Amino acid sequence: MLDHNLLRDLPRETQSEFLDSCKRRSFKPTNVMLRQGELTDRMYMVAEGRVEVSYVNETGHNSIIYHAMPGQVLGTVETLSERPCAGTCTALSDTTVLICRRADLFDKMTSPIFVRNFAADLHDVLTHDNRFKSVDQFFSAEQKICAYLDKLSDIDDVFKESQGYLADVAGCSRQTVNKELGRLRDRGVVEMSKSGIRILDYDALSQRLSELGEHSPKTTPSS
């Protein structure tokens, strides 16, 4: 955690002091860390595992909007602004976080380097949101399956959630997911087992995305 992006370029002593001020906590899959509409006085730094961020609208529809991986933070804006959580954060796997309370966070905000790192983290979130907003709006169902399969695979290149979960994230039917995964498997791009879906060839996955873009009735944004 000394190499966490939020602590980048800070003196080693300052990094250690900050981490020592944090409390370590573990969550099991489906455990809720932060709940939409509730106040929080602490920020969560993901050390291990994966966290789903979801949002429920006024009509009760639930949307999966973000996935936090190791090295990312949750609840920072809500902690600093003293406003309710904008979404619900739920552990997708066994997850370990470091918890930083508001007083310690404000104390570190006196450092220009820390403020820069905090802004950089927000920029990464905005960049991610912009990209996947474009994915959701312009990509075909098959392209979205490939994009989210890549995004949600862990450090071992394995997507551990169910095919139904992938369908929910991509906003398509399970039948479409099954067909696309079958194509990827036949091409040697992925391997499916009880442990999940393993990506065997990232270059081939990117090629499949490009191929779908050429033949899709939808148009992907130009870079």
Side-chain angles (χ1 to χ4, degrees), residues 1 4-6 24-40 42-79 83-100 121-137 139 141 143-174 176-177 180-181 190 192 194-199:
M1 293 299 290
H4 194 287
N5 289 336
L6 206 59
R24 179 174 175 172
R25 185 175 176 185
S26 297
F27 293 87
K28 294 292 185 182
T30 73
N31 285 173
V32 174
M33 302 176 189
L34 298 168
R35 194 176 299 277
Q36 181 179 331
E38 295 183 357
L39 293 170
T40 182
R42 63 202 68 184
M43 173 191 77
Y44 292 79
M45 303 169 65
V46 182
E48 297 176 339
R50 292 173 298 155
V51 181
E52 173 195 278
V53 182
S54 60
Y55 172 77
V56 178
N57 68 12
E58 294 81 359
T59 59
H61 291 96
N62 183 72
S63 299
I64 299 169
I65 58 174
Y66 187 68
H67 291 84
M69 306 295 188
Q72 297 179 311
V73 296
L74 298 162
T76 313
V77 173
E78 290 89 342
T79 298
R83 292 195 174 186
C85 293
T88 296
C89 301
T90 308
L92 276 178
S93 60
D94 289 335
T95 300
T96 301
V97 300
L98 293 182
I99 300 172
C100 175
D121 180 76
L122 286 181
H123 182 270
D124 289 343
V125 172
L126 289 172
T127 300
H128 169 277
D129 287 351
N130 288 343
R131 176 172 186 262
F132 279 90
K133 175 65 175 179
S134 178
V135 166
D136 290 337
Q137 185 172 353
F139 279 24
Q143 284 177 303
K144 287 191 280 187
I145 291 166
C146 293
Y148 279 105
L149 189 62
D150 179 12
K151 163 64 180 173
L152 300 180
S153 297
D154 61 18
I155 58 174
D156 296 319
D157 301 331
V158 178
F159 176 84
K160 295 183 177 179
E161 310 308 319
S162 68
Q163 293 182 22
Y165 186 88
L166 183 56
D168 289 342
V169 172
C172 61
S173 68
R174 295 190 183 189
T176 301
V177 168
E180 182 57 28
L181 290 177
V190 302
M192 290 180 279
K194 292 182 179 179
S195 62
I197 305 166
R198 181 181 298 277
I199 300 177

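Keep in mind that this is a model prediction, so the values were computed, not measured. All values below come from the heavy atoms of this structure, side chains included, with hydrogens, waters and symmetry mates left out.
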| What residues form a ring-ring contact (aromatic ring centres under 6.0 Å, His included) with Tyr148, not counting sequence neighbours? | Phe132
Closest approach of [X] to [Y] (non-hydrogen atoms, all atoms of both residues):
X      : Y      : value
Val190 : Ile199 : CG1-CA, 4.4 Å
Met43  : Leu6   : CE-CD2, 3.7 Å
Thr40  : Cys85  : CG2-SG, 4.0 Å
Asp157 : Ser153 : C-CB, 3.9 Å

| message | My understanding is that only residues two or more places apart in sequence, or in another chain, count here; which of them pass side-chain hydrogen bond (donor to acceptor under 3.5 Å, both in side chains) with Ser195? | response | Ser193
| task | Could you pull out all residues at least two apart from Glu38 that satisfy salt bridge (Lys or Arg N to Asp or Glu O under 4.0 Å)? | result |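 Applying salt bridge (Lys or Arg N to Asp or Glu O under 4.0 Å) to Glu38 gives Arg35.
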| Would you say the side chain of Leu149 lies within less than 4.5 Å of the side chain of Leu166, judging by non-hydrogen atoms? | yes
Could you list the donor-acceptor pairs under 3.5 angstrom formed by side chains in residues 60-78, with sequence neighbours left out?
| from | atom 1 | to | atom 2 | distance (Å) |
| --- | --- | --- | --- | --- |
| His61 | ND1 | Thr59 | OG1 | 2.7 |
| Tyr66 | OH | Gln72 | NE2 | 3.0 |
| His67 | NE2 | Tyr165 | OH | 2.8 |
| Gln72 | OE1 | Met69 | N | 2.5 |
| Glu78 | OE2 | Ala86 | N | 3.1 |

| query | When you look at NZ of Lys160, are more than 12 heavy atoms from neighbouring residues, nucleotides or ligands closer to it than 6.0 Å? | reply | no
| remark: Across all chains, not counting sequence neighbours, the side chain to side chain contact (heavy atoms under 4.5 Å, CB included) partners of Arg25 are Phe27, Val97, Ile99
Could you state the interatomic distance from [atom1] ([X]) to [atom2] ([Y]), rounded to the nearest 0.5 Å?
X      : Y      : atom1 : atom2 : answer
Leu126 : Lys133 : CG    : NZ    : 14.5 Å
Glu48  : Arg24  : CD    : CZ    : 6.5 Å
Ile145 : Phe139 : CD1   : CZ    : 13.0 Å

| Any donor-acceptor pair under 3.5 Å from Thr88 side chain to Gln36 backbone | yes
| message | Test your reading of the model: is there a side-chain donor-acceptor pair from Ser134 to the backbone of Asn130, 3.5 Å cut-off? | response |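 No, because the side chain of Ser134 does not come within donor-acceptor range (under 3.5 Å) of the backbone of Asn130.
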Please output the side-chain donor-acceptor pairs of residues 89-96 that fall under 3.5 Å, not counting sequence neighbours, one pair per line with the distance.
| from | atom 1 | to | atom 2 | distance (Å) |
| --- | --- | --- | --- | --- |
| Ser93 | OG | Arg50 | N | 3.3 |
| Thr95 | OG1 | Arg50 | N | 3.4 |
| Thr95 | OG1 | Arg50 | O | 3.3 |
| Thr95 | OG1 | Ser93 | O | 2.8 |

